[in-house]
Amino acid sequence: MPELPEVETVTRALSRIVRRSKVKSVEIYRTDLRWKVPDDLKETLENDIFEEPFRRGKYILIPTEKGNILLIHLGMSGQIKIKDSIPTLLKHDHIRIIIENKTNHIFSITYNDPRRFGYVDYLNKVDIKKHFLLKNIGVEPFSEDLTKNYLHNIFKKKITNIKNALLDQKIIAGIGNIYASEILFKAKIKPHRNVNSLKSKDLELIIKSTKEILKKSIKKGGTTIKDHKQPDGKLGYFKQDLAVYGKENKKCIGCNNLIEVSIISNRSTFFCDYCQK
DNA sequence: ACACGCTCCTGAACGC
DNA sequence: TGCGTTCAGGAGCGTG
């Protein structure tokens with residue numbers, strides 16, 4: 001599923017229930033995710049108390065009172081399910097955390113991931129800049145650090161196209177294959193353009209489009225193509241707002257020409273050859 | 001140091 | 001209906 005808006009949606013849903021809740025039990029059914037889930041995850045988290053969850057790139061981070069942070073990555077097919085009960089386990093439910101909130105209500109948080117490209121880990125709060133998955137992550141799209149100057153300094157040293165650059169988590173955190181196409185359509189820039197051909201005005205449009213597209217998608221609960229569900233089971237409704245992703249041979253909303261698809265670094269990339277320059 | 005394929009895995013959709 | 005093939009929203013790793 002998940003790019004920034006989907007991960008943000010899940011993080012917000014978690015925020016509503018985990019804050020100041022006590023971890024009653026951690027049930028681990030599979031440890032062979034993208035990397036091996038640490039053996040001491042269970043004993044580390046149990047009896048600790050969750051604080052306010054937050055997101056970094058496509059990672060969900062939940063700090064605890066004892067000074068740790070639970071890290072969840074959803075990979076391609078991961079889902080978080082929140083229930084006010086402890087339901088029967090379903091296929092691909094790999095990890096389940098039972099919590100109790102301040103008013104003694106029990107909730108279950110279940111990590112389900114058919115393809116197991118995702119990951120669950122914990123780290124110490126002081127190591128947040130050192131963890132191997134977090135240390136090289138670039139700026140947050142909504143941060144003030146995402147500026148023309150920032151992009152210009154990176155792009156002048158690069159030989160790649162803007163589509164690949166948007167997918168590169170070391171530059172901007174959180175953009176994936178769907179939103180890369182959508183952002184470039186909105187910015188009217190062809191995905192194949194080399195980054196060092198981009199002018200100041202182009203960078204400005206890319207930054208503006210990035211913020212707008214991601215913000216709007218979060219508002220709609222993300223995009224459900226296949227897997228993504230919000231933790232309460234609801235779908236994400238940004239799909240109906242997609243302008244180019246998955247629209248091959250459909251009319252462009254800007255000019256009525258047909259949307260094209262080309263494979264860039266093995267990923268489908270959708271664009272309008274007329275609107276995007 | 002960088003850019004680019006390859007790869008991990010399951011399931012759904014498609015073609016014959 | 002059944003079977004084989006292709007494709008999927010991520011991203012680290014090995015290679016050149």
Side-chain angles (χ1 to χ4, degrees), chain A residues 1-10 29-37 55-60 71-80 90-95 111-121 131-138 141 153-185 191-196 210 213-214 217-218 220-230 235-248 261-270:
Chain A
M1 84 187 218
E3 306 181 36
L4 185 149
E6 293 75 39
V7 177
E8 179 68 24
T9 300
V10 172
Y29 300 101
R30 266 196 100 134
T31 58
D32 55 339
L33 305 183
R34 176 72 200 263
W35 292 277
K36 189 175 177 304
V37 176
R55 179 192 55 72
R56 177 80 176 95
K58 297 173 191 169
Y59 296 93
I60 300 163
L71 174 149
I72 302 171
H73 187 248
L74 300 168
M76 293 267 266
S77 54
Q79 273 181 35
I80 296 290
L90 297 176
K91 200 173 180 183
H92 308 304
D93 285 347
H94 304 313
I95 294 177
Y111 175 84
N112 179 290
D113 185 6
R115 291 172 76 179
R116 286 183 281 121
F117 286 179
Y119 185 45
V120 176
D121 195 5
H131 188 274
F132 77 110
L133 293 169
L134 303 176
K135 65 180 178 189
N136 290 322
I137 294 193
N153 284 330
I154 293 176
F155 287 175
K156 71 185 179 194
K157 291 175 266 180
K158 281 218 164 270
I159 325 165
T160 193
N161 57 70
I162 182 61
K163 164 77 179 335
N164 276 344
L166 286 181
L167 290 181
D168 186 343
Q169 304 300 298
K170 295 193 287 301
I171 304 174
I172 304 175
I175 300 170
N177 204 41
I178 294 180
Y179 297 107
S181 283
E182 293 297 315
I183 287 164
L184 290 172
F185 176 77
H192 315 75
R193 281 275 295 279
N194 195 295
V195 290
N196 50 43
T210 297
I213 293 274
L214 297 178
S217 181
I218 291 169
K220 300 245 176 161
T223 301
T224 300
I225 298 289
K226 219 167 83 179
D227 296 323
H228 169 62
K229 274 190 194 147
Q230 303 189 49
L235 305 178
Y237 295 101
F238 192 70
K239 184 168 194 264
Q240 59 210 48
D241 296 69
L242 295 175
V244 288
Y245 184 86
K247 307 285 187 187
E248 187 184 4
V261 61
S262 61
I263 306 297
I264 298 179
S265 296
N266 259 328
R267 318 291 302 274
S268 299
T269 307
F270 300 87

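A, B, ... follow the sequence lines: proteins, then strands. Residue 1 opens every chain.
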Inset, instruction - Taking heavy atoms of chain A and a 4.0 Å limit, find me the 5'-most and 3'-most nucleotide of DNA chain B within that range. - result: dA3(B) to dG11(B)
Inset, instruction - Decide yes or no for Leu4(A) and Tyr179(A): does some side-chain heavy atom of the first lie under 4.5 Å from some side-chain heavy atom of the second? - result: no
Legend entry - Residue closer to the 5' end of DNA chain B, His92(A) versus Arg34(A) (nearest nucleotide): Arg34(A)
Legend entry - Side chain proximity check, Leu33(A) to Arg116(A), heavy atoms < 4.5 angstrom: yes
Legend entry - Value in whole Å for how far the P atom of dA11(C) lies from CH2 of Trp35(A): 9 Å
Legend entry - Lys158(A) versus Asn194(A), side-chain donor and acceptor atoms under 3.5 Å: no
Inset, instruction - Starting at atom CZ of Arg115(A), determine the distance to atom P of dG10(C), rounded to an integer number of angstrom. - result: 10 Å
Legend entry - d(CZ, Phe270(A); C1', dC7(C)) in whole Å: 11 Å
Inset, instruction - With heavy atoms under 4.0 Å as the rule, sort Leu167(A) into base, sugar-phosphate or nothing. - result: nothing
Inset, instruction - Using a heavy-atom cut-off of under 4.0 Å over every strand shown, decide if Lys170(A) touches base, sugar-phosphate, or nothing. - result: nothing
Inset, instruction - Taking the side chain as every heavy atom from C-beta outward, state whether Pro114(A) and Lys91(A) have any atom pair closer than 4.5 Å. - result: no
Inset, instruction - Round to a whole Å and report the spacing from CG of Asn266(A) to P of dG12(C). - result: 17 Å
Legend entry - Residue pair Asp121(A) / Trp35(A), side-chain heavy-atom distance below 4.5 Å: no
Inset, instruction - Please check the phosphate of dC7(C) (OP1 and OP2 only) for any side-chain N or O of Ser268(A) closer than 4.0 Å. - result: no
Inset, instruction - Quickly work out the His131(A) NE2 to dA11(C) P distance and round it to whole Å. - result: 14 Å
Inset, instruction - Would you classify Tyr59(A) as touching base, sugar-phosphate or nothing, given that sugar-phosphate means primed atoms plus P, OP1 and OP2, and contacts are heavy atoms under 4.0 Å? - result: sugar-phosphate
Legend entry - Pairwise P distance for dA11(C) and dA12(B), with rounding to whole Å: 23 Å
Legend entry - Parallel, tilted or perpendicular: rings of Tyr111(A) and His94(A) (30°, 60°): tilted
Legend entry - Nearest heavy-atom neighbours spanning Val7(A) and Gly57(A): CG1-O, 4.4 Å
Inset, instruction - Classify the nucleic acid contact of Phe132(A) as base, sugar-phosphate or nothing, counting any heavy atom under 4.0 Å across all strands shown. - result: nothing
Inset, instruction - Sort out the partner of dC9(B) for me: Watson-Crick or G-U wobble, both distances under 3.5 Å, none otherwise. - result: none
Legend entry - Atom-pair distance (NZ on Lys239(A); C1' on dA8(C)), nearest Å: 14 Å
Inset, instruction - Answer whether the closest heavy-atom distance between the side chains of Tyr245(A) and Thr223(A) falls below 4.5 Å. - result: no
Legend entry - d(CG, Leu33(A); P, dA11(C)) in whole Å: 15 Å
Inset, instruction - Decide, applying a 5.5 Å centre-distance limit and a 30° plane-angle limit (both strict), whether Phe117(A) stacks on dA11(C). - result: no
Legend entry - Presence of donor-acceptor pair under 3.5 Å, side chain of Arg267(A) and base of dA8(C): no
Inset, instruction - Provide, to the nearest angstrom, the distance between the CD1 atom belonging to Ile60(A) and the C1' atom belonging to dG10(C). - result: 14 Å
